[in-house]
Amino acid sequence: MKLATKLHLFMLGLALSLTSVIVSAQTTTVIKFSHVSPADSPKGKAALRFKELVERNSQRRIRVDVYPNNLLYKETDELEALQLGAVQMLAPSLAKLAQFGVQDFEVFDLPFAFTDKESVARVTEGPIGKTLLRKLDSKGMVGLAYWNNGFKIMSGNKLLRVPSDFSGLAMRIHSSKVLSWQMEALGAIPLILDAHEVYPALQGGVVDGAETSPVNFYARKWYEVQSNVTISNHGYLGSAVVVNKKFWDGLPSDLRNTIDLAMREATVYGNNLAEEENAAALQAIKKLKKVKVYTLTEQETEAWRQALLPVHKLLEGRIGKAIVYGVTRDADLRRNNPR
């Protein structure tokens, strides 16, 4: 083969190789995934598992950049950032979605609506849960999955055993009408604070207590500024993974499928992890011996239920009886399997 021909073929191969690299770089889809939880929390680990799965299964056509722990946005700003396209994916609390205009999500804040992970799954994986996610489309978001954060404990600087113990206490809540009603029904004063504001507020006595999951209580070191914890399991904490709708609609169908499959696997992983780590966190809190841990008796739990029944009625008037009844019906196995 003549030298000129060899040189021509070499240059052609080099050009094709460079073109391939350029095209590959141009077609890499970047997902900025922002959330407010620590990187080592169940949510943080689930986000990293999603990143690993989607990057591998897309053959690196998708790159996921995860920003945990308010690195990009505070809780109050992240949903607006998603709508504007500044980030592509979030995992906000369900209370935040309700605040952002889809009030039906407030049903997840109902006290004693759920009893365990299985009762949550009957709602989130059933028709009601799917219908609620579809309602996000009108807000410029696509709902991909529900992520569990666990069941709530109550913390304070006094023993919270019966409803009257809450009288006059300032209690931190997420921004949620239902949670405001809940604290008021217990005789407390609800105060809305972002997660990163809670520790200094507890430390300075601005608030007297809070409700959260054991893993959040432990990870955020609230045991340094609270003396008592009540294991009440009175409420469910959950998040929804949402993606910017315009971004989602612009993706090729094969990449949407890749994301969906990765999200399903990451969701199972994260939800199982949340249950395990909440149990472990509770044991760690007990071992610290800095906080007195009290578990409600059956009679005390029933007293809380009775005190909080008006919240259900108030929410029925706000979002309708059908959604409230539907969620409590699907969550309650006894109603699904009457004897």
Side-chain angles (χ1 to χ4, degrees), residues 43 46 50 79 82 89-152 174 176-179 233-245 248-249 251 253 256-272 274-275 309 311-339:
K43 183 188 289 187
F50 169 74
L79 281 166
L82 182 83
M89 189 174 286
L90 301 174
S93 69
L94 298 175
K96 283 294 177 186
L97 292 175
Q99 180 193 1
F100 215 69
V102 187
Q103 286 186 346
D104 286 359
F105 277 99
E106 291 178 344
V107 75
F108 288 103
D109 285 334
L110 273 177
F112 296 109
F114 304 98
T115 54
D116 52 29
K117 185 177 71 172
E118 288 71 31
S119 70
V120 173
R122 284 193 292 273
V123 174
T124 56
E125 296 173 13
I128 292 176
K130 292 172 183 176
T131 297
L132 287 175
L133 289 181
R134 285 195 293 271
K135 289 190 175 187
L136 296 172
D137 287 8
S138 64
K139 303 298 178 182
M141 295 178 274
V142 174
L144 298 182
Y146 291 93
W147 284 4
N148 296 345
N149 300 336
F151 285 84
K152 297 176 188 175
H174 286 288
S176 163
K177 195 67 177 174
V178 176
L179 298 182
N233 295 324
H234 64 282
Y236 164 71
L237 272 175
S239 304
V241 183
V242 295
V243 63
N244 176 279
K245 189 175 189 309
W248 181 256
D249 291 344
L251 289 173
S253 60
R256 288 201 298 268
N257 289 336
T258 297
I259 292 170
D260 267 332
L261 289 172
M263 184 57 65
R264 285 181 210 170
E265 188 172 335
T267 298
V268 172
Y269 166 78
N271 288 351
N272 287 335
E275 187 172 44
L309 277 178
V311 178
H312 289 244
K313 291 295 182 185
L314 288 168
L315 188 59
E316 286 178 3
R318 182 172 168 86
I319 65 174
K321 290 184 179 180
I323 181 69
V324 173
Y325 175 77
V327 166
T328 54
R329 176 201 62 211
D330 290 357
D332 192 337
L333 191 58
R334 291 169 299 179
R335 293 189 186 184
N336 290 308
N337 297 285
R339 292 183 180 178

Peer 1: How long is the span from the CG atom in L251 to the OG1 atom in T258, to the nearest 0.5 Å?
Peer 2: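 Spacing of CG (L251) from OG1 (T258) equals 10.0 Å.
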Peer 1: Please report the shortest heavy-atom distance between A91 and K43, naming the atom on each side.
Peer 2: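 Looks like O-NZ, 2.8 Å.
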Peer 1: Testing the basics here: between G143 and L136, what is the closest heavy-atom pair and its distance to 0.1 Å?
Peer 2: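 In terms of heavy atoms, the two residues are closest at CA-CD1, 4.0 Å.
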Peer 1: Determine whether I128 and V107 satisfy the following criterion, side chain to side chain contact (heavy atoms under 4.5 Å, CB included), listing intermediate values before the conclusion.
Peer 2: CA-CA 11 Å; I128 292 176; V107 75; 5.9 Å; no
Peer 1: How close do M141 and K245 get, heavy atom to heavy atom, and via which atoms?
Peer 2: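 Between these two residues, the closest heavy atoms are N-CB, 3.9 Å.
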Peer 1: Tell me, with the steps shown, if R134 and T131 meet side-chain hydrogen bond (donor to acceptor under 3.5 Å, both in side chains).
Peer 2: CA-CA 5 Å; R134 285 195 293 271; T131 297; 3.2 Å; yes
Peer 1: Regarding E106 and R318, does a basic nitrogen lie under 4.0 Å from an acidic carboxylate oxygen?
Peer 2: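 Counted as a salt bridge, because a side-chain N and a carboxylate O are separated by less than 4.0 Å.
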Peer 1: Let me confirm one number: the CD-CD1 distance from E316 to I319, rounded to the nearest 0.5 Å.
Peer 2: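 It is 9.0 Å, given to the nearest 0.5 Å.
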Peer 1: Could you tell me if the side chain of V120 sits less than 4.5 Å from the side chain of F151, heavy atoms only?
Peer 2: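 Counting from C-beta outward, F151 and V120 do come under 4.5 Å.
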Peer 1: Would you check if there is a donor-acceptor pair between the side chains of Y146 and N271 at a distance under 3.5 Å?
Peer 2: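 No donor-acceptor contact under 3.5 Å links the two side chains.
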Peer 1: What distance do K152 atom NZ and H234 atom NE2 have between them, rounded to the nearest 0.5 Å?
Peer 2: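 If we round to the nearest 0.5 Å, K152:NZ and H234:NE2 are 5.0 Å apart.
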Peer 1: Do Y236 and N148 have side-chain heavy atoms sitting under 4.5 Å apart?
Peer 2: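 A side-chain contact exists here, since the closest heavy-atom pair is under 4.5 Å.
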Peer 1: With rounding to the nearest 0.5 Å, note down the distance linking CG in L97 to CG in D104.
Peer 2: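 Result: 11.5 Å between the selected atoms.
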Peer 1: If I take atom CG from residue L144 and atom CD1 from residue I259, how far apart are they, to the nearest 0.5 angstrom?
Peer 2: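 These two atoms lie 7.5 Å from each other.
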Peer 1: So do K117 and N272 actually touch side chain to side chain, heavy atoms under 4.5 Å?
Peer 2: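 In short, these two side chains touch, coming nearer than 4.5 Å.
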Peer 1: Look up atom NE2 in H174 and atom CG in L94, then write down how far apart they are to the nearest 0.5 Å.
Peer 2: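 Here the rounded value is 10.0 Å.
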Peer 1: Which heavy atom in P111 sits nearest to a heavy atom in H312, and how many Å separate them?
Peer 2: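 Taking every non-hydrogen atom into account, O-NE2, 3.0 Å.
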Peer 1: Working note: L90 + V241, criterion side chain to side chain contact (heavy atoms under 4.5 Å, CB included); need CA distance, chi angles, decisive distance, verdict.
Peer 2: CA-CA 6 Å; L90 301 174; V241 183; over 6 Å; no
Peer 1: For the pair W147 and M263, evaluate side chain to side chain contact (heavy atoms under 4.5 Å, CB included) and give the outcome as yes or no after the intermediate values.
Peer 2: CA-CA 10 Å; W147 284 4; M263 184 57 65; 3.7 Å; yes
Peer 1: Are S253 and R256 close enough that a side-chain donor and a side-chain acceptor fall under 3.5 Å?
Peer 2: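 The criterion, which ignores hydrogens and geometry beyond distance, is not satisfied for R256 and S253.
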Peer 1: Shortest non-hydrogen contact from S119 to A331?
Peer 2: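 In terms of heavy atoms, the two residues are closest at CB-O, 3.2 Å.
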Peer 1: How far apart are the C-alpha atoms of V327 and F114, what are their side-chain angles, what is the distance that settles it, and do they pass the side chain to side chain contact (heavy atoms under 4.5 Å, CB included) test?
Peer 2: CA-CA 9 Å; V327 166; F114 304 98; 3.8 Å; yes
Peer 1: Please report the shortest heavy-atom distance between K96 and L79, naming the atom on each side.
Peer 2: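 Shortest heavy-atom contact: O-CD1, 3.7 Å.
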